[in-house]
Every structure is written in C-alpha cells, then in structure tokens.
Number of protein chains: 2
Amino acid sequence: MRLFREGGYDATTMRAVAEAAGVSLGSAYYYFASKEHLVQGFYDQLSAAHHEVVADVLATETGFAERYGGVLERWIDLAEPYHDFAATFFRNAADPRSPLSPFSPESAAAREVSIAVHREVLAGSDLKLAPALREEMPELLWLVQMGMVLFWVYDASEGQARTRALVRGVVPLVDRLARLTRLPVVRAAANDVVALVRSLRG
Amino acid sequence: MRLFREGGYDATTMRAVAEAAGVSLGSAYYYFASKEHLVQGFYDQLSAAHHEVVADVLATETGFAERYGGVLERWIDLAEPYHDFAATFFRNAADPRSPLSPFSPESAAAREVSIAVHREVLAGSDLKLAPALREEMPELLWLVQMGMVLFWVYDASEGQARTRALVRGVVPLVDRLARLTRLPVVRAAANDVVALVRSLRG
DNA sequence: TCCGATGTTTGAACACGTTCAAAAATGGGT
DNA sequence: ACCCATTTTTGAACGTGTTCAAACATCGGA
C-alpha cells in the first residue's frame, strides 16, 4: 500500500513489491493471485475506516441531509490521500470481470458494510418513507455514492473541490425528492423505481 | 476490428494486428499511438451508425417515450455483436486519462453526434419543458444513456435482455418525471438540477 | 532417525505493449 | 541525374505481469 500510494498503481511493479516485502517475485504470486488482488485489501480497509469515522455524525445529527451529506463528505476526506492512486487503478475496478468491481463477490464484504452505513443514515433520520421505498433506499443511496465515486475519480480539481460541490448540490436534491414522495403522483413514480430495481435484481 | 470482434480486446495482440495488416509491428505504432487508439474508430463508427439507424424513428414517432425508447433500444441492437468485445476493452474506457473515455477530447466527435441525436429526440417530441431545462436536457439524456451503457457492459444475460428491461422501465419514468416538472415544486427541484450541472461544468 | 507428503520459495522464461535508432523510400529542388 | 530533407518502415530491445517446473523447507508418523 505504501508503494502504491507513493508511486501510483502502474508505476508500482510486482518486482518492487516483492523486493520491499523481502521475498522473491514468485512468492508474491504464491500469496496474491494477481496485482489486482494486492489491492483488494484497500476496499475493506477504506470501508471499515469510513464506518468508524462516520459514527459521530450518525450519533449526533438527526436531519437526513446532514447525515447523508456528512457520510459522503467524510468519505471524500478519507479517500483524498489515495485519489491519484485510485485514478490509476480504477480502470480495473470498471472491468465487470475484475474482483475489484464494486459488484463482484470479492467486494461483497466492503459493499455490505457500505450499505449498512446507509441503512443507519436512514434509520436515525427524520425522513419518513413509504415502506416499499424504505426497504430499497439504502441500496439506492449506496448507488448514488458509487456515482459520486465515479465523478470523484474523474475529478482533478484541488482537494476534489468539484466533487464536494456535487455532494453539496445532490444531497439537498435527494432530500427534497424523497420528501416529495408524499405527493401521490411522485410516490407512484417512486414505486415504479422500486419495482424496476427489484425486477432487475431477480 | 475483425480481430477484436473475433478474439476480444486482450487476446488480440498488436503483433497480430500488424501481421494481418501486412506491416511490421513498428509501422502499426507509426499510425496508431497505442492499442487503445486502434479502437477509437469503433466509437465514431458506432455513433455514426446509430445516428443513421435512428432516423426513421425520429421521422415517424412524436411521443417522447417512443422516440427516446426507440433510440436506446436501437443502440442495444446495434451494439449487440460487439458486447463481448466491449466488455473486454471497457476497462480502458473507464480510465479518466484514456482517450477512450467518453469524456475525453478524443471522443468529442462521437459524443457530439450522440448528444445531437438526443436533441432531435426532444425537438420532435410532444414534450414541453421549461426553457432552462430544455437547454440542458439533451446532455442529461445522453448521461442517462451512458448509465445504460454501463449497465449493458455488466449485463451477461441472453441478448442483453436485462438492459432491455431497464430501458423499458427507465424511459417511462423519465417521461413521467419530465412531465411532472409542470408542478411548481417539482420544477423547482429540476431547476436546481440544472443549476448544479451548470456550476459543475464551469 | 529417516521417509514421504505437503507447503513454500525461487528465478528463469513467456508473451505482451511500447520505444527507438537505424535503414529504406519518397519527393522536390537544382 | 543528383542531393538532401522528410516521411515511412523495420525489428531488436526494454520492462511489464504472469506462469511454472524445480528446489527447498517443514512436519507428522513409522
């Protein structure tokens, strides 16, 4: 991880990793099936750290926008040192067959932790949702976060300022849209979204 | 392109391409800066073909949902033979620094064609939008299409049936949501979306 | 103490994308 | 016809991720 952080994904060779670990190249491949697998721990590490750093927001705030916004912003804070590195290996995560894909079985652990965080965001908030929507909302919020991460990867601005602006804009929108589901006509649309998500999962 | 289609991206070597073209390996690199650039023509080719195949839908249909749905479904039809190939090289397109990224300068031509198609989708439809939204809507529809493509890449179902189901679900939703902007409270949210998009672009 | 099986380590070897200096071809000006 | 600058072609060479057969280590049981 140190080598990756310092030199980026591509510039860090398996030979350098093996040497830094004091083993031969072949041994590195005995413990890690590929260079991608080397980086698998990064996900688990990051999602666990995020889970921790988000605890006090979830303990103190009660407004949905504050809770969700806090969760997203702290992810950006946490991931900031790894932004350049992430940009260099993200290509692998976008391959559907890669174990680094956020939808892969290998990423299930990190994914579950992340969805659980969003379940907490909802559970402790003042937002009231229809039952059908309430059930699917954590996964939808996680999907929005994946969209944010996609934007973040492309974001070359200082301190990822643009991604932060995105979050400050999107969170109130999600908040408002969610509350709009009180209107029957909007709720009908929301129910269709839920039905679609469910049919695509099955 | 034939070699890519038959063997996939990774399995097609630059040496094989050079040999099939009857030139040396070095000459291949004289005309194409990298393996990724070899595939650049695929975008232009595909978006041009899409523009053509979509003409009669845009000439006959007037309902927004029919127009937009037709445009998306014909893209799936068109891209179907390349699905496996696309999955193998898509990883490169997800790299923000890759010329294959849909946001890259090198992809600008194909991107402009695609956005123009969506402008036509709107222009000839019965959908009435507020001026601010009308201006940004083509790009938003294109973004939705990029989302569909992302889903499509991950879609291993027969004939990409799940992506087709997604389109059949999403299009009426977009249609309904767009028409809901007649309600002042929904229109306010839509205006915030437009403002956000504009601030992020600048 | 020795044996065999299992677990671990090693570095050479492979195929790949890419680079580069040198060679070959081209073409316009005299 | 000749020259020279420019364009084009070539294949060897480099560094990479990955594989693999062989060597070595470990350890429980006879």
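In what follows, chains are A, B, ... by sequence order, proteins preceding strands, each numbered from 1.
- Across all strands shown, A:Phe32 has no heavy atoms under 4.0 Å from either base or sugar-phosphate atoms.
- Closest approach to the B:Met14 side chain among D:dT19, C:dT18, D:dT10 is made by C:dT18 (side chain taken as heavy atoms from C-beta onward).
- No N or O donor and acceptor, one from the side chain of A:Arg15 and one from the base of D:dG15, sit under 3.5 Å apart.
- Rounding to whole angstrom units, CG of residue B:Leu25 and C1' of D:dG11 are separated by 8 Å.
- Candidate nucleotides C:dT9, D:dG17, C:dG17 were compared by shortest atom distance to the side chain of A:Lys35, and D:dG17 ranks first.
- Taking every side-chain heavy atom of B:Ser34 into account, C:dT18 is the closest of C:dT18, D:dT10, D:dG17.
- Among the atoms of the strands shown, only primed sugar atoms or phosphate atoms (P, OP1, OP2) are found under 4.0 Å from some heavy atom of A:Thr13.
- Note on B:Tyr31: a side-chain N or O is less than 4.0 Å away from OP1 or OP2 of D:dT9.
- Here the shortest heavy-atom pairing between A:Arg164 and A:Gly159 reads NE-O, 3.0 Å.
- Between A:Tyr68 and A:His118, the two ring planes are perpendicular [angle over 60°; tilted spans 30° to 60°].
- With hydrogens and angles ignored, the 3.5 Å screen pairs no side-chain donor or acceptor of B:Lys128 with any backbone N or O of B:Arg182.
- A:Val17 and A:Leu3 get closest at one heavy-atom pair: CA-CD1, 3.9 Å.
- Picking from C:dT8, D:dT9, C:dT18 the nucleotide with the shortest atom distance to the side chain of A:Tyr30 gives C:dT8.
- Comparing A:Thr12 and A:Gly26 along DNA chain D, the residue whose closest nucleotide (by nearest heavy atom) sits nearer the 5' end is A:Thr12.
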